[in-house]
Amino acid sequence: MTDAIQKPEKKKSSLLQLDARTRTRNAAETRFKAYGMIAIAFGLLMLSILVFNIVTRGAGAYQQTFVALEVELLAGKLDKKGNRDLDDIKKVSTFGYTPLLSNALEAKVIELGIETDLKAKKMVGILSKSAAAQVRDYVLNNPNKIGETIGFEFLASSRVDGYLKGRVNRDSIGNDKNISPAQLDLVDALKAEGSLAKRFNMSFITGSDASDARPEAAGMGTSMIGSFFMMLVVLVLALPIGVAASIYLEEFAPKNWITDIIEVNISNLAAVPSIVFGILGLAVFINYMHLPNSAPLVGGLVLTLMTLPTIIISTRASLKAVPPSIRDAALGVGASKMQSVFHHVLPLAAPGILTGTIIGLAQALGETAPLLLIGMVGFIASNPPDSIATGLLSPNSAMPAQIYEWAKRADPAFYERAWGGIIILLVFLVTMNTIAVILRRRFERRW
Amino acid sequence: MNDKNIMESHMGTTAIKISARDVQVYYGDNHAIKDVSIDIEDKTVTAFIGPSGCGKSTFLRCLNRMNDTIDICKVTGSIRIDDEDIYDRRVDPVQLRAKVGMVFQKPNPFPKSIYDNVAYGPRIHGLAQNKADLDEIVERALRRGAIWNEVKDRLQSPGTGLSGGQQQRLCIARAVATEPEVLLMDEPCSALDPIATAQVEELIDELRQSFSVVIVTHSMQQAARVSQKTAFFHLGNMVEYGETGQIFTTPQDPRTESYITGRIG
């Protein structure tokens, strides 16, 4: 007790003065907040650079140069027998249509009084190689129009398009066999007369991929359908399997070493690189089960494997978040275990399950690596599927695979389309994530 | 129904509803209930008191086999309701729980409407033939839960929007809606304020007319107020069981006396 008396008396401090300890603590806190703000600012800066880059590079893909021409559908060339028999008309290939185009272009040049040394054959070089096919498709659909003069809007070739977008200039085409300065003069003249202009290009969103020679005709549409069918497969398989597995593991399974092992494995599965699922899909679905190559069905199956752990983990988390008192209440009034789960627990967990599923789907939508191995990359689907069965089973590409494919082609016109495709993909992902957030906000229940 | 009532009234208040013999409960290696034997009477409120962790809630949960939901829990001995062993292999706990209702410590209404909360039990047990039947059952249950007047105009509003005391009475109404024979209450007033507690206590006294009520409580005053019989649990043993008045005035066991006078607990 005597020690207490000898203790040095505590110095009297004023609340109005900060002591050294409080000052250091406050300084530390301020520093920490500053670090946090720097980190967030850095993140935002990177994000805005990314978005700016994507938009500036990709926006070009949504604009395309078109040439307006009146083409005379010469009966003598297209229907030599003159009986308008579709089978005979079909025998004329796109080469047969090219003269019509050069005639039309020449007529236009003369009509507008443009001076050029170019031969008509060379003039056609400013049009896309798809132009002849476009006329042919029109004729096959409207054989009665043969003999008339029809107004068409043709895609300009990718070089002309690049010239209007500033990607191609007179210095850069020195060694380019696809375009000459004289053709560019023609383009300038046509542009001045309003026959050639850049405008919004819907077919980039709805169209199919095109061969290396016609980047101007390539579009995302068909690969979007491929992605859609894959997501359909993923949703139909992964959601019920994932939810059923989680309910069983969370509510019914005994807690023992077997379920522990399963749990650890599911968590590990979520971290397995997606290419591993790709090679598994190749081995099992294609080599062993002989499902068709490059089919969205196989892609969907592979992505299902990849998405399952995500869905199971998020479903279990939302089941766990339902308070046990609800289960007790249900059991207390004599509900069976299954009734308590399906009547009470599952509805409460549903928003969380949906959110997890949408995020899993968004992940699967953007996945490229597994698709490499099952052949969905590099495939040029030129026609959209005409039924659900062909949609699932006929070869197709998927959005990220299509983007990858364009990015590795040599022509800078494809490069632009890759960026444009990324914009579409991002719009999808952002939309899905927004839906997930809205669902979570709206239906989340607090206890 | 009438015959049964007459018969029971002939038997008087001493008819045994639940009879437990040598009940042992283990949580893994932990011996939570040791050798408990007790006879619980029909149409009586029986209170279980004792310090925290003494096993009174555990024992209560044995009476409707809620402990089955805990994997590591093991119960031995015999518990008979109306002379039927509820731990018999042929007994389905789901059927048992329809007969032995339970009210929990924290009010836990389903996040559904007041009506659906009460109607859920009768629905899953098929007690109502049609909508009118169900309406009647719901009204009767809510009246018995002494909450009808407060909610009759908003049966479709969510049960979770009620105040704590109302929620608990709703839970009691939900429990009685399935026409149980025994009502177990696990500290039903611990989350309520004194006014709501008084309402629930009053309600318990009324429920005694129709059920055998077993209530676990931390409050000795509450046990004294609402129960006719009291059992004192300590460290997993049932130390003393008798008339409530006798337990609180002349306890036989020194541990009971220490507890009710506040020396242990």
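In what follows, chains carry the letters A, B, and so on, assigned in the order in which the sequence lines appear, proteins first and then strands, with residues in each chain numbered from 1.
For the 3.5 Å distance criterion, the side chains of B:Gln24 and B:Thr76 fail to qualify, holding no donor opposite an acceptor. Using modelled atom types and a 3.5 Å distance limit, the side chains of A:Asn26 and A:Arg21 yield no donor-acceptor pair.
The salt bridge (Lys or Arg N to Asp or Glu O under 4.0 Å) check on B:Asp193 picks up nothing, with sequence neighbours excluded.
Proximity to chain A at a heavy-atom threshold of 4.5 Å picks out B:Arg61, B:Met66, B:Thr69 from residues 55-70 of chain B, in numerical order. Using a 4.5 Å cut-off between non-hydrogen atoms, the part of residues 241-257 of chain A that approaches chain B consists of A:Pro254, A:Lys255.
Looking at B:Pro109, only its backbone comes within 4.5 Å of chain A, counting heavy atoms on both sides.
Salt bridge present: A:Arg316 and A:Glu263 bring a charged side-chain N and a carboxylate O closer than 4.0 Å. Checked for salt-bridge contact, B:Glu150 and B:Arg169 meet the test: a charged N lies under 4.0 Å from a carboxylate O. Checked for salt-bridge contact, B:Glu139 and B:Arg143 meet the test: a charged N lies under 4.0 Å from a carboxylate O. Salt-bridge check for B:Glu181 with B:Lys17: passed, with a basic side-chain N closer than 4.0 Å to an acidic carboxylate O.
Under the 30°/60° scheme for interplanar angles, the aromatic rings of B:Phe48 and B:Phe233 are found to be tilted.
Residues A:Phe277 and A:Leu303 form no side-chain contact, since every pair of their non-hydrogen atoms from C-beta on lies 4.5 Å or further apart.
Judged as a side-chain hydrogen bond (donor to acceptor under 3.5 Å, both in side chains), the pairs with a partner in residues 267-276 of chain A (not counting sequence neighbours) are, in order, A:Ser274-A:Glu367.
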